[in-house]
Structure formats: structure tokens, C-alpha cells
There are 2 protein chains.
Amino acid sequence: MVSRPLQRLREPQHDETASPADIWDQLLTPLEAADHASVPDRVATVLRNAISAGQVLPGTKLPEVKITDRLGVSRHTLRSAFQLLAADGLVERRPNRGVFVHEPTEEDIREIYRIRRILETGAVRAAVFSSEAIEELRGITARAERSRAAEDIAAMAQANQEFHQCIVAQARSSMLDELMSKVLARMRLVFAGMRSYPDFHSGYVTGNVQLAELLAQQKRQEAEDHLINYLLEAEQDLLRHLTL
Amino acid sequence: MVSRPLQRLREPQHDETASPADIWDQLLTPLEAADHASVPDRVATVLRNAISAGQVLPGTKLPEVKITDRLGVSRHTLRSAFQLLAADGLVERRPNRGVFVHEPTEEDIREIYRIRRILETGAVRAAVFSSEAIEELRGITARAERSRAAEDIAAMAQANQEFHQCIVAQARSSMLDELMSKVLARMRLVFAGMRSYPDFHSGYVTGNVQLAELLAQQKRQEAEDHLINYLLEAEQDLLRHLTL
DNA sequence: CAGGCAGGTTTGTTGAACAATCCTGTGAAC
DNA sequence: GTTCACAGGATTGTTCAACAAACCTGCCTG
């Protein structure tokens with residue numbers, strides 16, 4: 001459909017976080033799939049997945065021509081996709097310099113947990129947890145426990161994130177859902193940059209189980225206290241293991 | 001610099017919310033000012049101001065060629081600006097149909113206040129209100145009272161919004177600040193579509209004064225209760241006057 | 001070794017073109 | 001007279017090609 005010159009990179013280009021071999025060769029995958037979405041959306045999805053999966057490390061520059069050559073899309077379409085990623089905070093645009101994968105800092109982690117404390121406890125305080133919601137939470141924790149038993153770290157991490165997204169969803173606000181998605185995406189960015197502590201989530205699966213039970217028993221205040229402690233603990237845990 | 005054919009609109013184009021005379025003739029203003037920002041940013045600012053000021057009413061379609069002709073920018077640049085506005089929720093993109101100014105619904109108002117209850121009480125609970133913050137809040141309420149006395153509705157409305165933005169800012173999170181900005185922008189959209197009740201804010205100036213004093217006296221719980229009642233009351237007030 | 005300048009590279013923006021989709025109005029069929 | 005189908009025009013979505021502006025690199029001079 002489109003001629004792809006497939007030019008080799010010249011040298012490892014002593015950029016920050018130098019690219020091992022050639023990063024961009026690996027992310028060509030599913031631009032075709034997931035139709036019915038606009039091309040920029042699909043491009044953004046490809047890049048989003050690559051970043052969240054840790055294929056493209058924080059701080060890496062995303063050069064326009066390399067990616068357009070690789071994906072076979074126009075520069076305009078790619079720039080449009082960049083704007084979507086920038087709105088998610090996954091990527092930051094430095095004027096006349098290009099776009100770079102956001103590099104999370106220690107302050108980012110503190111902010112993430114400040115937000116989560118407000119959002120998640122706010123949802124617990126303000127929302128009524130229907131029996132369907134309780135069932136969903138229990139289903140997610142059950143999946144997380146199975147994944148932990150099977151030592152499927154990625155699946156467990158995703159289940160844990162879904163659990164907390166589900167809690168925020170009880171506030172019934174699409175804007176809060178979006179914000180929580182952004183926050184969790186930034187959390188994944190933190191994990192992607194931190195190879196040394198991959199099983200961070202495993203210690204918190206049982207905490208989620210307990211939280212779901214407290215919510216099921218309508219023990220609001222106890223659930224809130226449990227959640228606050230959970231979040232404070234996770235924050236400290238993460239900061240301890242961040243050893244810059 | 002660019003030839004602008006300045007083509008007249010043919011007929012009042014029986015669009016929803018038909019355009020009185022010609023809307024687009026009036027928003028050409030400050031594209032030149034506020035330099036050091038990219039062109040799409042400046043275009044977005046022009047449109048944002050026009051929308052927030054009520055120049056372009058909710059539901060209005062934003063046709064590409066008319067605006068590009070008027071502003072003298074490329075269609076690409078305008079589309080880029082549209083994406084920024086869409087990220088703010090000011091505008092919605094209907095595929096193959098174009099972009100339209102978001103039309104707030106009753107459910108939007110309920111969501112706005114669900115969010116504000118969580119965000120603002122969360123900030124009150126989680127943040128320490130420094131003496132500088134207290135002074136800033138007092139300064140804003142003083143300005144609001146002066147504007148109310150001078151019957152400058154717009155200035156009073158803006159001061160009221162600044163007050164609540166300032167409360168959220170105490171949570172020290174740029175992402176929460178952004179979300180609050182989006183929420184308040186949507187509030188302005190509600191007011192823009194509702195000409196019948198322009199002095200909505202005047203009743204709430206004294207409520208803000210009281211809240212600032214409670215915060216100054218470190219009466220957290222009372223401040224939180226006051227805030228919750230304030231928000232519940234404002235929501236009901238707004239819904240009553242929405243008479244669709 | 002420091003600083004400045006020229007060159008190449010990358011981004012930012014525009015214009016033109018075309019495909020795809022939507023909207024409109026006309027005409028035919030019932 | 002109403003409804004349906006279809007053709008035509010208008011608008012959006014995407015790509016290609018080009019150029020201006022900013023940045024980065026390396027050489028060259030002092």
C-alpha cells in the first residue's frame with residue numbers, strides 16, 4: 001500500500017536511553033486491526049501500547065520520520081496521534097525539539113498518590129456501591145489472586161489497576177474515569193522505568209480483597225481508613241524502591 | 001500575508017442555533033497577540049475565549065473553511081486546535097460531520113457537581129492551607145464583593161470560579177488543576193447556554209467569604225460541611241433554573 | 001581551549017489534491 | 001400528496017510535497 005524505505009538507523013545515536021538495536025522495528029504490529037477508528041487514534045493506540053509495555057523507555061525521543069516510515073502514515077497523522085498521547089500525559093512535547101516519552105520523577109509519584117487519595121476515598125465516601133459493583137470488584141480480585149498464583153505478573157498488575165479504576169468508576173463521572181486512566185497510565189510509566197521491582201503489586205492483592213469485603217459490608221468509614229492506609233503504604237513502598 | 005476571500009455566508013443556514021448575522025466575523029481578534037505559543041495554541045485560545053464568552057453558543061457547528069478563511073490559518077492548524085478544544089471537552093467531534101460546541105445537559109450539571117464535591121472537599125481534607133493561601137482566598141472574595149457591588153456580573157463570576165480553583169490548587173496537583181479548569185470551563189458553557197439567569201453567582205459570594213474564614217480558623221470539619229452544603233445548594237439552584 | 005559561524009537535520013506550518021462520507025434537492029413510483 | 005432512491009454538491013479525513021524556522025553538529029578561527 002505504501003512504499004516503506006525501511007532505512008536503517010545510522011548509529012546508536014547517543015540519545016538519552018540509547019535505543020538497543022532498533023526500537024521502532026518492533027512496534028509495527030496492529031495498525032490494521034481495530035478498525036472503525038480514525039487513523040490517528042489507531043496510531044496513538046500502537047504507541048500507547050508500546051510505551052505502557054515498556055518497549056519504549058521513558059525519556060526516549062519519538063522522531064517523526066522514523067515512525068512515519070515504519071507505520072506508513074503521514075507526518076500529519078502521526079502528529080495528530082502525538083497530540084492525543086500528550087493529552088494523556090504519556091508524552092511531552094518540547095517545542096522545536098520533538099516529543100519525548102514522559103520521564104516520571106519522584107514528585108510525579110507523590111502527585112499520583114495525592115490524586116488517588118482524593119479520587120478513591122472521594123468515590124468511597126460519595127458513591128453507593130451497588131451489589132453489581134461489589135460483584136465486579138470481587139471478580140477482579142479473584143482474577144488477581146489467580147494471576148498471582150500463576151505468577152503472571154502482568155495480568156496481576158492489570159487486575160490491580162482495574163480494581164482501583166472500578167472504585168473510581170462508582171463516582172459515575174466520565175471525567176474522573178479519564179483522569180484515573182491518566183494516573184494509572186503514568187503509574188505504568190513508573191513501572192516501565194523501574195525494572196528492579198517488577199512484583200510491586202503482589203503485596204497489595206490481599207489489601208484489595210479486604211477492601212472489597214469492607215465495601216460489601218457497607219462499612220464506609222473502615223473502608224475509607226483501609227484505603228488511605230493502603231495508598232500511603234504503597235506510596236512509601238514505591239518511593240523506597242525508586243533508588244535513583 | 002494571506003489572501004482572504006472573505007466570502008459571505010449565503011443564507012442564515014438553518015443550523016441548530018442559527019447564526020445571527022455572521023458569528024465568525026467577530027472572533028478574528030487577537031491571533032497576533034500572545035506570541036511565543038504555537039499557532040494551534042493561539043487558534044485554540046481564540047476559539048476558547050469566543051466559546052466561554054458566549055459568542056458561539058452550544059450546539060453551533062464550527063466549519064473548517066469559514067474559520068480558516070477568517071483566521072488565515074491552514075486547515076491542518078485549525079484541526080490541531082480543534083483537538084486541543086476537544087481534550088478540554090469544550091467541543092465534540094462527530095466523525096465525518098465536523099466539530100460542534102458541546103451542549104451541556106442536565107446530567108452534565110449533575111456530573112460537574114459530583115466532581116466538584118469530590119475534588120474540593122478532598123482538597124480541604126487533604127491539604128494544609130498556608131497563610132499565603134488564606135490570603136489569596138480572602139483577596140479573591142474581596143474582589144468578588146467589589147464586583148458584586150459594582151454589578152459587574154462577569155468579573156464576579158470569574159472571581160467565584162477563581163476561588164474554587166484556588167481551593168483545588170491546595171491539593172498541589174497539576175492534573176487536578178487541569179481537571180478543575182475543564183470542569184469550570186464546562187460550567188461557563190452551561191451559563192453561556194442559559195441567558196435567563198445571569199446573576200447566578202451573586203448569591204454565593206458570601207458563602208465563599210464564610211468558607212475562607214472557616215479555613216482561616218482551621219475548622220476543617222466545619223469548612224467541609226459548609227462546602228458540601230454550598231455545592232449541593234448550588235447544584236439544586238442551577239437545576240431549578242435550567243427549565244429546558 | 002573558547003567562541004562563532006556555516007551546514008545539515010528536525011520540527012512547524014502551509015497549500016493542493018484526492019477519497020470517503022454526509023447533506024440536499026430533485027424526480028420517479030405508488 | 002407522500003415516500004423512496006439517487007445524483008450532485010459540499011464537507012471532512014488523509015496524504016503528499018514543499019518551505020520556513022529552530023535546533024544541533026562540527027569545523028574553523030582566534
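Letters go in sequence order (proteins before strands), and every chain restarts at 1. These numbers were taken from a predicted model, which means no experiment stands behind them.
Not counting sequence neighbours, the partners of B:R110 by the side chain to side chain contact (heavy atoms under 4.5 Å, CB included) test are B:E106, B:E107, B:R114, B:E235, B:L239. With sequence neighbours excluded, no residue forms a side-chain hydrogen bond (donor to acceptor under 3.5 Å, both in side chains) with A:H76.
Here A:K66 does not reach the OP1 or OP2 of C:dT9: none of its side-chain N or O atoms lies under 4.0 Å away. At the phosphate of C:dT11, OP1 or OP2 sits under 4.0 Å from a side-chain N or O atom of A:K61.
For the pair A:L119/B:L119, a side-chain contact is recorded, criterion being any heavy-atom separation below 4.5 Å from C-beta on.
A donor N or O paired with an acceptor N or O is not found under 3.5 Å between the base of C:dG12 and the side-chain atoms of A:R93.
Of the candidates C:dT13, D:dT14, C:dC22, C:dC22 carries the atom nearest the B:N96 side chain, counting heavy atoms from C-beta on.
Straight-line distance from the CD1 atom of B:I67 to the P atom of D:dT12: 9 Å, rounded to whole Å. Between B:L78 atom CG and D:dT12 atom P there is a gap of 9 Å when expressed in whole angstrom units. Regarding B:R75, its CZ atom lies at a distance of 12 Å from the C1' atom of C:dA19, rounded to whole Å. Summarising the geometry, the separation between CD on A:Q83 and P on D:dT14 is reported as 14 Å, rounded to the nearest angstrom. Note: CZ (A:R79) to P (D:dC16) measures 16 Å, nearest angstrom.
Nearest-nucleotide positions on DNA chain D for B:E64 and B:H76 put B:E64 closer to the 5' end.
In this structure, A:R94 satisfies the cation-pi test against A:F100, with its NZ or CZ atom closer than 6.0 Å to the six-membered ring centre and inside 45 degrees of the ring normal.
Contact annotation for A:R97: backbone-only contact, meaning every heavy-atom pair under 4.0 Å involves sugar-phosphate atoms and none involves a base.
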